[in-house]
There are 2 protein chains.
Amino acid sequence: MVNHNRPLDLAFGAFSHPIRRGILSRLAAGEAAVADLARPYRVSAPAISRHLRILERAGLLSRRKQGREHRLRLEHRRMEEAQRWLDEQHALWNQRLDRLEKYLKENP
Amino acid sequence: MVNHNRPLDLAFGAFSHPIRRGILSRLAAGEAAVADLARPYRVSAPAISRHLRILERAGLLSRRKQGREHRLRLEHRRMEEAQRWLDEQHALWNQRLDRLEKYLKENP
DNA sequence: ATTATGGTTAACCATTAGGTTAAATGTAGA
DNA sequence: TCTACATTTAACCTAATGGTTAACCATAAT
C-alpha cells in the first residue's frame with residue numbers, strides 16, 4: 001500500500017504556499033510574464049523565480065521564452081488530477097455518511 | 001494581495017505526502033486507531049505519529065483518547081475548504097476557455 | 001557599443017519535513 | 001505488582017522551503 005504518486009505530492013506541495021496559489025489564480029485568467037506575476041508580492045525576484053520553478057516542476061505551469069521575457073501558462077491537467085483526488089475523498093466519506101444515515105433511519 | 005490563508009497552506013501541505021493521503025483515505029471509511037493507520041506502511045511509529053500531528057495541526061483530523069489508544073477521525077470541513085479552492089480555480093479557467101471558444105466560433 | 005530590462009543562478013541563512021533509535025508516558029491485563 | 005501494549009517525546013541526521021543580496025546571462029533600446 002505504498003501508493004507512490006510523486007506528481008500528486010508535488011502538486012499539493014505547490015498549492016501549500018499563498019504566493020504560488022496566487023500565481024495559479026492569476027494564470028487562470030490567461031498567460032503572463034514573470035514580472036506580471038511578481039507584481040502583487042513584496043518579495044524579491046529570485047523568490048518569485050523559485051516559486052515558479054516549484055510550480056513548473058509540479059507540472060502546473062509551462063513556460064515559453066519570447067524575446068527576453070518568459071511567458072507562463074497554466075497546465076490544468078495536473079491541476080485536475082489534484083482536484084480528482086479531493087473529489088474521490090469527498091465521494092468516499094459521503095458514501096459512508098449516507099450509509100450511516102440510512103442505517104439510523106432503518107434502526108430507530 | 002497578500003491573501004494569507006494559513007489553514008489552506010497547512011491543508012495542502014498535509015496532502016503533499018503519500019502516507020498522509022493514505023491515512024486520510026483510510027479515515028474516510030471511518031474512525032481508526034493509530035496502529036490501524038500505521039499498519040500499511042513500513043515506517044516507524046514515531047514517523048506515523050508525526051504525520052498525524054501534521055494532519056491534526058492542519059485541522060484535517062481530530063483525536064480522542066479512549067483507554068490507551070487514540071481514535072482518529074476525519075474532519076471534512078477543512079478538507080472541503082481545500083476542495084473548494086480547487087473548484088474555484090477550475091471554474092476560473094473554464095470560464096476563460098469558454099469565452100475563448102465562443103470568440104473563436106464568432107470570428108471564423 | 002553601451003546601457004537598461006527581464007529573468008535566473010550562486011551563496012548564504014533559518015526553519016521545517018521526514019526519517020531513525022532510544023527513552024518516556026499512560027493504560028490494560030496477569 | 002509486574003509486564004505488555006499503544007503512543008508520544010527526545011535527540012539526532014539529512015534534505016527541502018523560503019527568503020535574502022550579489023553576480024550573471026540574454027535580449028532590447030539608445
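Letters go in sequence order (proteins before strands), and every chain restarts at 1. Atoms considered below: every heavy atom in the structure, side chains included; atoms not considered: hydrogens, waters and symmetry mates. Predicted, not measured: the structure shown is a model, and the values here were computed from it.
- Using a 4.0 Å cut-off between charged side-chain N and carboxylate O, E81(B) and R78(B) make a salt bridge.
- The closest donor-acceptor contact from the side chain of R26(A) to the backbone of D36(A) lies at 3.5 Å or more, if one exists at all.
- Side-chain contact between L86(B) and D87(A): absent, with no pair of heavy atoms (C-beta onward) separated by less than 4.5 Å.
- Taking 4.5 Å as the limit, every side-chain heavy atom of M79(A) sits out of range of all side-chain heavy atoms of H90(B).
- The CD atom of Q83(A) lies 10.0 Å from the CH2 atom of W85(B); values are rounded to the nearest 0.5 Å.
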### Task
Any chance you could list the contact pattern along nucleotides 1-7 of chain D? Use B for base contacts, S for sugar-phosphate-only contacts and - for none, protein heavy atoms under 4.0 Å, 5' to 3'.
---BBSS

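- Comparing R50(A) and I48(B) along DNA chain D, the residue whose closest nucleotide (by nearest heavy atom) sits nearer the 5' end is I48(B).
- In this structure, CG of L55(A) is placed 16 Å from C1' of dA16(D), rounded to the nearest angstrom.
- Separating the CD1 atom of I54(A) from the C1' atom of dA16(D) is a distance of 9 Å, rounded to the nearest angstrom.
- Between R57(A) and dT17(D), a side-chain N or O to OP1/OP2 separation shorter than 4.0 Å is present.
- Within 4.0 Å (heavy atoms only), R53(B) reaches no atom of the nucleic acid at all.
- In this structure a side-chain-to-backbone donor-acceptor pair under 3.5 Å is missing from R20(B) to F15(B).
- Between I23(A) atom CD1 and dG18(D) atom P the separation is 12 Å, expressed in whole Å.
- Reading DNA chain C from its 5' end, the first and the last nucleotide to sit under 4.0 Å from a heavy atom of chain B are dA17(C) to dA28(C).
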Without placing hydrogens or testing angles, list every side-chain donor-acceptor pair under 3.5 Å for residues 57-72 of chain B, not counting sequence neighbours.
unit_1, atom_1, unit_2, atom_2, d
S62(B), OG, E75(B), OE2, 2.9
R63(B), NE, E56(B), OE1, 3.3
R63(B), NE, E56(B), OE2, 3.4
R63(B), NH1, H70(B), ND1, 3.0
R63(B), NH2, E56(B), OE1, 2.9
R64(B), NH1, E31(B), OE1, 3.2
R64(B), NH1, E31(B), OE2, 2.5
R64(B), NH2, Q66(B), OE1, 2.7
R71(B), NH1, E31(B), OE1, 2.9

